[in-house]
Structure formats: C-alpha cells, structure tokens
A.B. asks: 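There's a structure below that I have some questions on.
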Amino acid sequence: MNELEERWQSYWEERGIYRYDPARGRDETFVVDTPPPTVSGVLHIGHCYSFTQTDLVVRYHRMRGENIFYPMGWDDNGLATERRVQNMFNVRCDPSLPYEGEDLELERGADGQPRSLSRRKFIELCDAVVEEDERAFKSLFERLGLSCDWTQTYTTVGRRSRFVSQLSFLHLLEKGEAELRDAPTMWDIDFQSAIAQAEVEDRDKEGSFYNIRFGLESGGSVVIATTRPELIPACIALVAHPDDERYRSLIGTNAITPLFEAPVPIVADEGAEMEKGTGILMVCTFGDAADVEWWRELAVPVREIIGRDGRIKPVPWGEAQWVSNDPATAAEHHAKLSGLTINQAQREIVAALEMAGAIEGEPEKLRRPVKFYEKGERPLEFVVTRQWFVKILDKKQVLLEQGRKVAWHPLVMQKRYEDWVEGLNQDWCVSRQRYFGVPIPVWYGVGADGAIDYTNVIVPRKEDLPVDPSAETPTGFRPEQRGEPGGFVGDPDVFDTWGTSSLTPLIVSGWPDDEQRHRALYPNDLRPQAHDIIRTWAFYTITRAYLEDGSVPWKHAAISGFILDPDRKKMSKSKGNVVVPTETLDQFGSDAVRYWAASGRLGWDSAWDPKVLKDGRRLATKLLNAARLVYGYEGDAGEVTYPLDRALIGRLRATIARVTDRWDAWEHQNALGITETWFWSDLCDNYLELSKGRAYRSDPSAIATLRIAMDVVLRLFAPIVPFITEEIWQTTAAKADSIHVASWPTVGELPAGEDEGCFDAAVAVLTQVRRAKSQAKVSMRFPVRHLGVTGPESKLGLLKLVMDDVTETGNIADYELIADGAAETLVADTQLAEPEPA
RNA sequence: GGGGCGUUAGCUCAGUUGGUAGAGCACUACCUCGACAAGGUAGGGGUCAGUGGUUCGAGUCCACUACGCCCCACCA
C-alpha cells in the first residue's frame, strides 16, 4: 500500500467517515446486504471487481446525503473451511472422539495418515484458520478503499448468525414449513452429505450404453438399455410407453432380472420414450431423479444397494423386499459386488452378465451429462436418508411474485431468477452431514426400547439459542439420559450454508429482539451479488424472508459479472490463471483497480485486461496535474461573466445532469465515461488551454470558473477514485472535510451560464490551428502571423466573443473574420510566422 | 429441446427516445510549450455478422439465418 493510500485509509477510519448513524431515520438510510465472501483463503481479482462495483454505488448514495449502512460479513460457515483445515493440518473430524483439551497444538503440513480429531477440536481449528483468513480479506478490502463500516462486521458461523439461523428454523418448524423426511436424497459419496438442487451441476461424462436381456415370467425375454448395469440388483420395475406396440402385451406381467432372478413388474408410463434405447427401461432405486419419481408412483419397497460411502451394500436376498426366484444365486452374485465402488461393481457385473449371456451386442460409448455436487468429484447418488426439508415446491407462484417486487439491475437477471423458480423440482434439503456449521437445534426422543423416535422432535427454548444439541441437554432431561431408553439424542447435522446466509438481512438487523434497529434496517435497499448465485443466495434469501413474515428482503438487487481470463475462460486456481489482487494493487494502485472495476458494466462478464488499469493510473495522474494548475493560479474568484466561462459552466450543467442520471440508472460505467470525456476533453484539452492567459493574469471570471469546474469534477470522480480525489480535495484544494461526505454536485449549485456555441467555435478554430502546426511539424507554441476564419455570420459572432482566448492560446498575432453566407462551418486559414520550417 | 445474451476499428468496448459511425489501447507523424513524457497535438483505420421487412431515413425497430457464450431441461 503506498503512502497516499495508507494515509487516507487511516484518516477515513479514524474519523469514522463511513460509520452508520443509528439516530437517522429509515427513509434517509441506504442499507446494503453485503455479500459475505467465502473466507477460503484464495483472494481473487474478481473480489476486487464486484466489491468495488458495490462500493461505487454506496459512495454515490453517501454523497447524495444518505446515511449508509454497509457492513462486511465473512462466510466462514461450511465446507470450504472444513476442507482447508483438513488439508492444512492433515486431520479429519470424528465426532465420536472426546475433546482433546485446549493444550493440543497441531502442526501444519503434517505427513502420513490423517489424524482424527473430536468435533470440538476440529471446530477450534476452523475458528483459528478463519480468523487468519478474515484478516487477509479485511486488509485487501481496506486497501481497495471499500467504504464499509467495519464496526458492523459479522460472520456466518458466529453466535449471532447461529441464533438467527436456529430461531428462524424453529419458526419454520412451528409453521409446518420444515419437515423431517426419510426419503431418497441427492447424496455426495465423498463428502457424505445430502445436497440441494441448487448445488448440483451437470458435467459431461463418458459412459457405455449396455443392452441387457431380462427374462419374462410368461416366457421369452426383453432387452433394456442402461448406462448403469450395476444397479440391476436394485431394479424394481421395467417401464414402457403405453402406446408402444412392442411391449403392450407385456404390461402387467413380470420380468426377471438377470443374475438375481428377481421378479419385477412391467408397467406402462408415458414418461418412457419409445425412441430411446430399446424403448423399455429399468427403474432402480436409485439411478436418477426419474427413478425416484417412478418408485414413488409404483409404491413398491426400496431395494437400495448403494451405501453412503458409494460402495455396494450387502443385502439379504430372499428376505423381505429382496425377493428372488433363486435367492442363493442372487446372494452369490451380490457377494461379489459387496464392498465395491460403483465403477468396480459395474465392471464386475458386466463380466458376470457376459458370462451369463445377458448382454446383447457391443456396448455403445456415449457422452452424457451427469449430475455432480458442484464441489464434488464423483457423480451424485440418490440415497435414502433422513433429512430436514423446507417446503418450497408449493410456493413457486408466490416466490415468483416476490421476485418481481425486487428491482433487478440489470433487468435480465430477473429472468434468471424466474427461470430457476419455475424449474424447481425438489423441496430444499437444509440438513448437511458436516461439522463446521450451524447445528440443527433439535433433539429426538429415545423410546423405551432404545430406538430413536424421530416423530418426537424436542425443540429448545428460544431463550437458550443458540444451542449445540450434541453437547447440550434439552429442558426436562439430564445429561446422562443422552442415548438412553426414555432419554434423548441430539440431531448430529448442521444446516446448509445457504440456510444461514439466506438470513443475512436479519442477521445484521438485530431481528427480532432489537425492534428499533430492525425497523431502521429492514427491508434492505440493496443486495449486491454475482449472477452465479441467483439460484442460491438471492433465491433462498427471498424465500426465507417470505416464509418468515411475507416480506421482500430488499428493494434492489445489483448483479455483478465475473472476471474471465483473457481467453474468456473462468479463472480458477487449478488452471493457474488466477490474478492475485495484491500484486495488481502494488503495480497499479487502488484507484486504478477501482477505475477498471467501474468501467465494467453491471451483470456483464469482463475479460481481464491490464490495459484498462493503465488508463486508471493515467486518470489519477491527470487529475492531480490539472488540479495543481487550477488551484495554483493566484487571485480571487469573481463573477462568471466571460462568454467562454459561461459556456463551460453551461456544459458542466449538462454533464452533471447526465452523469447523475446514469448513476441513478445503475450504469456506473456510463457515469464514468461521461465524466471522463468531459474532464479530459472540455476541461483539460480545451478550457484549461484557452483560459491560461486570463488565469495567469488572475481574471476573476476565469479563476472562479476553473475552481468551480474542478470542485465539481473531483466530486463526480470521488466514488470511483476515492484516494486521489481525497488527496486533491484536502491537500491541493485545501478543503476542510472529506470529499466523501461532501454533497453530490447539482446543477443548482452552479452560477448562471449556458453554452450558446462559442465554446465549440473556439475549439473548432483552435483545432484547425493545431492541425496546421502539426502538419508543419512545429510546436504548438509556434507563432501564427495571420489567421483568417471564414464562416457563417452567426458562428463568427460567437467566435468573436472568445477570440481573445483563441489568439492567446494559439499564439496568433493577427486575425480576420470573413463572413460567408453559404458556409456552414468555420474554416481557418493559418499562416505561420517566418521563418517557416523547411 | 426451452429460454436468455452477444456479434460495431487490429484489441477491449461506448453508442440513451431511429437523423452524417465513437472512445481508449495499439499504429503513424510531430511537439519537452509557464499542470502533466505514467504527457501533449494531429492523423490513418469500420460495407456496424448475414438476409429480408417497416420508414423519407435503421448500428438502433421487426422477422429469419449463421456463429459464440450463459442458464435450465433431458440424462433408460
């Protein structure tokens, strides 16, 4: 961090420039639901991009006089932290172990077998790592000049978040919106946790399409096509389309699975596509979501063979639902599969099927999309587990309506939200089989027989929240009753990380106890976030707000884009194309990085291009130099009377109006563009040059105009380049207070003045004089002996008003204005002084 | 398969309600002049993806096509 940045950063912090003022009313307060970054330790240039875009808006609103509530949160809750701790210390969590005590010190980078730790110790490590990461993030964000109120910082695993998360869940439970279900759920076999629809992504995977012959009870056989032959023991039915002539006669009869000799019904369903495969398919428990649907419709017992670890489970063929015409053979085949991974089992069963002659022809290779947990490495499986669900499927319509009450910027992002809501096909599974997170705050009764009674959900008293049911005892029980008949057990799971972060507006608002603060902060004004988490963070936040009290959580949602590498590929650590922000900040400075972020359109992905950073640095330098000139002139400001000065004020008026309009339209990139063009072209290239003569002579009109223009342009740039504008404002311009609490420029604060055309006339002539000098390869100060300007009477009249400035700037000795009724533009004939260069 | 977005100068992109194509970078030439060489001045460079339509007039509105990207669905 350079000296200037450091100096102003600590100045802002010491003066509390960005502090929220709880005494001011809701109507003048602008509340930001800041995205809590995942504190995974990887700082990304994309963080700089999106957080700066939010800060631009915040700074604009602050200068408009609003009371800003702009907190920072750290998303330390969840898998990313667990993974980091596991890798950093080479440890694993084993919740069955007792706490090792505070004294146990662990080394980083330990080798060998991972060491198992108690849940409490593991969480202590998570806390420590997270604290370190949060310091790194805070230092980056301060350096970027984010105008957060750091006294309002929260974490998603902190006590306050756990309280809000658990309380809100208890409300859902009371309303019947949360349910415990023992049902097939998407399951990641590596993380060994349930996964929600929003965390699933498709990836193309190579596979083989096998044609497998099933026997028929009525005699003969039928061939089905499948990519998952290992699920044959889990087959519960075959399905064909009711109109399919080939199979119509088989409907209602039983098929016999190969190897396992299990009778399965052949049923008709319009969901079966005649053209696909052989037109008849097997339903297993469970190959995919369609299997789950069919299994529900058929209402037959589950034959589940895949365990939570993704290996084939042993099952009792011949007993209960494991019906087989030849249980001994089935058990024999199953024994060979037991304990194998899915891939191993597939190879094994294909070999067995080939031996049995049940495979028709060669397997066909194909690529097809397979569902993965977005952070996972192996395909998801559907496994029957007991999970907590929040009912959302029955609320699609109202959630669409709630989404329409939010103003999305850019508007197309509303469509993204609606597409997601319309496509929902599962309720929200909120329980996760993880450790570092907010515990699900319930216990279950244990029956007299020692079995857990999941219908007997024991909830904590609200005044006891937050609770950890695996360590605390519910009211009315004694600790030694844990796990005993007639006693209780704690729910071992934690909430989906979104289950907590969907409540960020309530976490910061003091809900529900601090009613005054809550009313002052909720609903929020702005939710800034990236487009990839519309289906999670935005969706779940809208959902939770609706379920809690029917509210809409924010007025506006500003959706930022991603930073892609120069080849337009997503940056990722594994590809090694991540740009480290601290290096960029060192090289170009904070203002340049912010300039770059401001030049990107809201919602649009942008390729990483360091050239724009150079532009930003150039702007900062130019501002400083222009300010030195303007504030360096001696003399007092007077009335703005000179025509060129009045014209500049007129042009500034128009600029303020246009720039303000663009900020209000959430188009910071256009606000920047208009400001920049005006500053660079009107002010620096033309006015600063044209006004020099008068300004050096301390002409009161010129001095006034220059200072007014500079005061305005600095404030117009202040949200984008806060460091250099503050430096100039307080040092060069010697203003008393921070520019960031100065008022946003308005047309009304300017003196009278309008641009009737003399500015353009002066620039038109000056440009032609410059061109003549450039073509003659002489310096811009080279004297002009005589200038003849031909043009229409009206334009000559305007030009005449400012001709003193033009002759002085162009170093023109003598001039003549020649009226030509036929002409439309001003044409200058520049005669350079002797000796003319060769 | 459904939906969304994009295609403008070598590169990155502006082009608000339809009215003579813009900026920065890069390139060329010149200029150290009393803010600025992390600079200044001037200049070259585009049949606005294609086709058709509406209009006096289309980069801008409409339809279709091509290519690229994104989301969702399918996923036997």
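Order of the sequence lines fixes the chain letters, A, B, ..., with proteins taken first and strands second; residue numbering starts at 1 for each chain. What you see below is based on every heavy atom in this structure, not just the backbone, and it leaves out hydrogens, waters and symmetry mates.
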A.B. asks: How many whole angstroms separate atom CG of A:L766 from atom P of B:G40?
C.D. replies: 15 Å
A.B. asks: Roughly how far apart, to the nearest Å, are B:G24 and B:C62 at atom C1'?
C.D. replies: 34 Å
A.B. asks: Can a side-chain donor-acceptor contact be found between A:D711 and A:Y631 if the only test is distance below 3.5 angstrom?
C.D. replies: yes
A.B. asks: Establish, yes or no, whether a centroid distance under 6.0 Å links the rings of A:F679 and A:F717.
C.D. replies: yes
A.B. asks: Measure CG/A:N625 against P/B:U32 and give the value in whole Å, please.
C.D. replies: 19 Å
A.B. asks: Which nucleotide sits closest to the side chain of A:R658: B:U16, B:C75, B:C33?
C.D. replies: B:U16
A.B. asks: Heavy atoms only, 4.0 Å cut-off, all strands: where does A:I534 land among base, sugar-phosphate and nothing?
C.D. replies: nothing
A.B. asks: State whether A:R416 places a side-chain N or O below 4.0 Å from either non-bridging phosphate oxygen (OP1 or OP2) of B:C72.
C.D. replies: no
A.B. asks: State the pairing partner of B:G1; accept Watson-Crick or G-U wobble contacts with both distances under 3.5 Å, and report none otherwise.
C.D. replies: B:C72
A.B. asks: For A:T677, which contact category applies under a 4.0 Å heavy-atom criterion: base, sugar-phosphate, or nothing?
C.D. replies: nothing
A.B. asks: Just to be sure I understand the rule, does A:K276 reach a base, reach only the sugar-phosphate, or reach nothing, if contact means heavy atoms closer than 4.0 Å?
C.D. replies: base
A.B. asks: Does B:C33 have OP1 or OP2 sitting under 4.0 Å from an N or O in the side chain of A:K773?
C.D. replies: no
A.B. asks: Roughly, in whole Å, what's the span from CD in A:Q426 to P in B:A73?
C.D. replies: 10 Å
A.B. asks: Mind calculating the distance between CD (A:Q669) and P (B:G22) to the nearest angstrom?
C.D. replies: 21 Å
A.B. asks: Counting any heavy atom closer than 4.0 Å, what does A:A665 reach on the DNA or RNA strands: base, sugar-phosphate only, or nothing?
C.D. replies: nothing
A.B. asks: Counting just side-chain N and O atoms, does A:Q768 come under 4.0 Å of either OP1 or OP2 of B:G43?
C.D. replies: no
A.B. asks: When you get a sec, tell me which of B:A29, B:G34, B:C5 is the closest nucleotide to the side chain of A:R781?
C.D. replies: B:G34
A.B. asks: With rounding to the closest Å, how many angstrom separate the P atoms on B:G46 and B:A23?
C.D. replies: 14 Å
A.B. asks: With both distances under 3.5 Å as the test, what is the Watson-Crick or G-U wobble partner of B:A23?
C.D. replies: B:U12
A.B. asks: What integer distance in Å separates A:K614:NZ from B:C11:P?
C.D. replies: 18 Å
A.B. asks: Does A:W420 put a side-chain nitrogen or oxygen below 4.0 Å from OP1 or OP2 of B:G4?
C.D. replies: no
A.B. asks: As a test of reading the structure: which of B:U32, B:A29, B:G40 is closest to the side chain of A:S779, going by heavy atoms?
C.D. replies: B:U32
A.B. asks: Tell me what A:T227 touches on the nucleic acid: a base, only sugar-phosphate, or nothing, going by heavy atoms under 4.0 Å.
C.D. replies: sugar-phosphate
A.B. asks: With P as the reference atom in both, quote the distance from B:G44 to B:A49 in angstrom, rounded to an integer.
C.D. replies: 24 Å
A.B. asks: Please give the nucleotide sitting opposite B:U7 as a Watson-Crick or G-U wobble pair, both distances under 3.5 Å, or none.
C.D. replies: B:A66
A.B. asks: Is the ring centre of A:W608 less than 6.0 Å from the ring centre of A:W596?
C.D. replies: yes
A.B. asks: Determine: side-chain N/O of A:R618 to OP1/OP2 of B:G39, distance under 4.0 Å, yes or no.
C.D. replies: yes
A.B. asks: Expressed as a whole number of angstroms, how long is the span from A:K371:NZ to B:A73:P?
C.D. replies: 5 Å
A.B. asks: For B:C30 and A:R770 - does any side-chain N or O of the residue sit under 4.0 Å from the phosphate oxygens OP1/OP2?
C.D. replies: no
A.B. asks: If I take atom CG in residue A:N425 and atom C1' in nucleotide B:C74, what distance separates them, rounded to the nearest angstrom?
C.D. replies: 12 Å
A.B. asks: When you compare B:C27 with B:U16, how far apart are their P atoms, in angstrom units rounded to a whole number?
C.D. replies: 31 Å
A.B. asks: Nearest whole Å is fine: how far is B:A29 C1' from A:K777 NZ?
C.D. replies: 6 Å
A.B. asks: Kindly say whether the aromatic ring centers of A:H241 and A:Y247 come within a distance under 6.0 Å.
C.D. replies: no
A.B. asks: Determine the contact category for A:R368: base if any of its heavy atoms lies under 4.0 Å from a base atom, sugar-phosphate if only primed atoms, P, OP1 or OP2 are that close, otherwise nothing.
C.D. replies: sugar-phosphate
